[in-house]
Amino acid sequence: MKGQAGVILAPTTTNDVATIVQHCFEARVGVVPYGGGTGLVGGQVCESGPTPVILSLERMNSVRGLSLDDDVLTVDAGVLLADVRGAAQKAGRLFALSLASEGSCQIGGNLATNAGGIQVLRYGSARDLCLGVEAVMPDGSILNGLSRLHKDNTGYDLRDLLIGSEGTLGVITGASLRLVAPPKHSISAFVQVPDPTQAVALLGLCKDAIGDSIYAFELISGRGFEFLRETQAALRLPFALDPAWSVLIDAGGDDEIALSARIESVLAAAHQSGLVMDALISQSESQRDAFWQVRESIPEANRKIGSIYSHDISVPVGRIPEFIARADKALLGLAPFRINCFGHLGDGNLHYNVFPETGRARRDYDGLRDTIKETVYELVHELEGSISAEHGIGRLKTGDLNRYSDPTKIKAMRSIKAAIDPRGIMNPGAIFGSEPN
Ligand SMILES: Cc1cc2nc3c(=O)[nH]c(=O)nc-3n(C[C@H](O)[C@H](O)[C@H](O)COP(=O)(O)OP(=O)(O)OC[C@H]3O[C@@H](n4cnc5c(N)ncnc54)[C@H](O)[C@@H]3O)c2cc1C
């Protein structure tokens with residue numbers, strides 16, 4: 001997507017953000033908040049309509065404070081996610097949001113999109129890791145919500161409303177973030193499984209046996225390995241022969257020997273009952289990093305191959321095997337696509353991405369793009385899933401939101417937008433399309 005901008009402003013303080021937004025409110029000029037620009041649904045890219053002000057948070061990048069008593073880190077919205085994690089680590093704590101884009105995305109963008117990532121299974125998404133936000137509202141007023149309270153039931157929760165609002169209700173300028181004690185030891189296992197059904201069964205077994213020690217449970221298809229070999233030849237892959245399906249498990253605990261023994265025991269039991277074909281357990285931190293580098297390199301490999309259509313969907317975990325089998329069958333009935341299905345199996349979120357067959361280009365499939373999307377979304381809808389698990393709606397999915405959402409929800413969302421942003425200046429076109437009210 002290619003955006004347009006009347007002017008790009010990069011203020012350094014919340015008061016300056018407030019002044020800018022107030023002027024835009026008075027002049028009825030649109031404001032597009034811009035974080036790290038890594039969003040995948042075009043929320044930060046305004047392609048058409050009246051030219052907006054692009055409001056970049058990049059210069060608001062300070063850590064404001066740390067309270068170890070409360071386990072809270074307070075930061076400007078423009079701090080990079082990697083720097084938030086680094087500041088927490090320096091204090092002996094963990095900020096448990098982890099995305100492959102963490103070196104570029106900002107915490108304000110993470111909250112605005114309610115980002116997920118690989119540890120949602122253990123810690124929840126961005127919403128669960130935030131105690132309070134400071135924000136500039138569409139009329140230029142400042143919401144001073146940098147709470148350090150873990151409990152606060154005083155009416156409507158504006159923090160929850162702003163999180164996931166994709167810049168349509170205000171500009172997030174600061175956040176108070178929940179920290180946790182990191183596990184003393186972490187171990188990862190790369191596990192070959194026969195198919196997604198057995199992967200889901202293995203998840204159940206792991207939950208029964210090691211419950212809260214599981215931090216991540218990622219599904220990887222053989223196509224992912226194929227794309228990595230094709231685009232990143234130097235990357236070391238874990239298995240000599242790429243498995244058709246594998247899962248990458250991350251587990252943490254305080255006693256390294258006990259943790260290792262529990263993982264070995266659950267994988268041995270899974271092997272005996274046919275859920276697991278082979279497994280590699282990390283023997284060092286660098287081996288664990290190498291496992292995760294494989295997983296985190298898949299989005300880049302996908303980008304280089306170039307998808308015809310990428311879907312970020314969720315279905316109830318138990319329906320994942322049915323989703324994959326039916327979606328594959330329906331799409332491969334249309335054309336011999338290459339499908340790379342991977343993602344956060346532990347929380348039911350799959351990235352189901354469709355690519356041209358070898359030797360052909362994306363444009364060869366232009367006429368099929370809508371059919372691909374509708375085939376996948378209709379199935380997701382039938383299986384009681386979501387057409388956007390963690391990337392948001394942005395500008396790419398506005399029509400899909402209307403089509404697949406509960407009408408009462410859409411009506412309430414429009415009423416909230418009209419009440420908080422009556423002039424429709426905040427990120428015009430995002431979430432609601434061209435007619436917000
Ligand atoms: C390689 C790669 C891997 C990724 N992996 C994941 C993943 O695992 N999980 C996941 O959830 N996402 C993932 N993403 C998507 C993306 O990184 C997230 O959506 C991220 O949270 C966006 O943050 P950003 O700062 O880049 O926001 P931007 O892209 O700049 O903006 C995204 C949206 O938030 C709004 N916004 C930004 N900052 C503010 C603010 N301060 N106040 C109000 N609104 C604001 C924008 O207007 C826009 O609507 C990935 C992206 C890439 C490129």
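Every number for a ligand or one of its atoms is a count from 1 in the order of the listing.
Protein heavy atom nearest atom 4 (C) of ligand 1, with residue, atom name and distance: Ser101 OG, 3.8 Å. Nearest protein neighbour of atom 28 (P) of ligand 1, counting heavy atoms only, is Gly37 N, 3.5 Å. For atom 47 (O) of ligand 1, the nearest protein heavy atom (residue, atom name, distance) is Pro33 O, 2.6 Å. In terms of protein heavy-atom proximity, atom 42 (N) of ligand 1 is nearest to Ile172 N, 2.9 Å. From the protein, the heavy atom lying nearest to atom 32 (C) of ligand 1 is Thr113 CG2, 3.7 Å. Scanning the protein for heavy atoms near atom 11 (O) of ligand 1, the closest one is Gly116 N, 2.9 Å. At the top of the distance list for atom 24 (P) of ligand 1, counting protein heavy atoms only, stands Gly36 N, 3.4 Å. Among all protein heavy atoms, the one lying closest to atom 10 (C) of ligand 1 is Glu390 CD, 3.5 Å.
Residues Gln192 and Ser246 bring no donor and acceptor atom of their side chains to less than 3.5 Å of each other.
If you number the atoms of ligand 1 from 1 as listed, the ones under 4.0 Å from a heavy atom of Asn110 come out as 20 (C), 21 (O), 23 (O). For ligand 1, the atoms lying closer than 4.0 Å to a non-hydrogen atom of Leu40 are 14 (N), 15 (C), 50 (C), 51 (C). For ligand 1, the atoms sitting less than 4.0 Å from at least one non-hydrogen atom of Ala115 are 11 (O), 21 (O), numbered in the order shown with element in parentheses. Heavy-atom contacts of Leu57 reach the following atoms of ligand 1: 41 (N) (cutoff under 4.0 Å). Those atoms of ligand 1 with a heavy atom of Thr38 less than 4.0 angstrom away are 15 (C), 16 (C), 17 (O), 20 (C), 22 (C), 23 (O), 24 (P), 26 (O), 29 (O), 51 (C), 53 (C). Set against the non-hydrogen atoms of Gly170, the atoms of ligand 1 under 4.0 Å away are 43 (C). Heavy-atom proximity to Gly43, at under 4.0 Å, picks out these atoms of ligand 1: 47 (O), 48 (C), 49 (O). Every atom of ligand 1 is numbered from 1 in the order shown, and the set under 4.0 Å from a heavy atom of Asn427 is 47 (O), 49 (O).
For His23 and Phe25, the ring centers are positioned 6.0 Å apart or more.
In this structure a side-chain-to-backbone donor-acceptor pair under 3.5 Å is present from Arg395 to Gly43. No donor-acceptor distance shorter than 3.5 angstrom exists from the side chain of Asp242 to the backbone of Gly222, with no hydrogens or angles considered. Although no hydrogens or angles enter the test, the distance criterion places no donor-acceptor pair under 3.5 Å between the side chain of Ser405 and the main chain of Asn402.
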Practice task
Decide side chain to side chain donor-acceptor pair (under 3.5 Å) for Thr14 and Glu134; before the verdict, give the C-alpha distance in whole Å, the side-chain angles of both, and the deciding distance to 0.1 Å.
Solution key: CA-CA 9 Å; Thr14 301; Glu134 175 193 85; 2.6 Å; yes
Problem - Evaluation steps, side-chain contact (heavy atoms from CB on, under 4.5 Å), between Leu131 and Leu149 - result: CA-CA 7 Å; Leu131 293 175; Leu149 302 176; over 6 Å; no
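Of the heavy atoms in Ala112, only side-chain atoms (C-beta onward) come closer than 4.0 Å to ligand 1. Within the 4.0 Å heavy-atom criterion, neither part of Glu300 lies near ligand 1.
Proximity of Gly394 to ligand 1 is not established, as no heavy-atom distance is less than 4.0 Å.
With sequence neighbours left out, the side chain to side chain contact (heavy atoms under 4.5 Å, CB included) criterion links Ser282 to Ile187, Ser188, Gln287, Arg288, Phe291. Ala10 meets the side chain to side chain contact (heavy atoms under 4.5 Å, CB included) test with Ser56, Glu58, Arg59; sequence neighbours excluded.
When only interatomic distances are considered, the shortest N/O to N/O separation between Ala100 and ligand 1 does not fall below 3.5 Å. Between Gly39 and ligand 1, a contact under 3.5 Å exists for at least one N or O pair. No N or O atom of Ser104 sits closer than 3.5 Å to an N or O atom of ligand 1.
The aromatic rings of Tyr404 and Tyr377 sit perpendicular, their planes meeting at an angle over 60°, well past the 30° parallel limit. Ring-plane geometry between His351 and Phe342 is classed as tilted, the angle between the planes lying from 30 to 60 degrees on a 0 to 90 degree scale. The aromatic rings of Tyr365 and Phe337 sit tilted, their planes meeting at an angle between 30° and 60°.
Of the options Glu378, Lys397, His381, a side-chain contact (heavy atoms from CB on, under 4.5 Å) to Arg403 is made by Glu378 and by none of the others.
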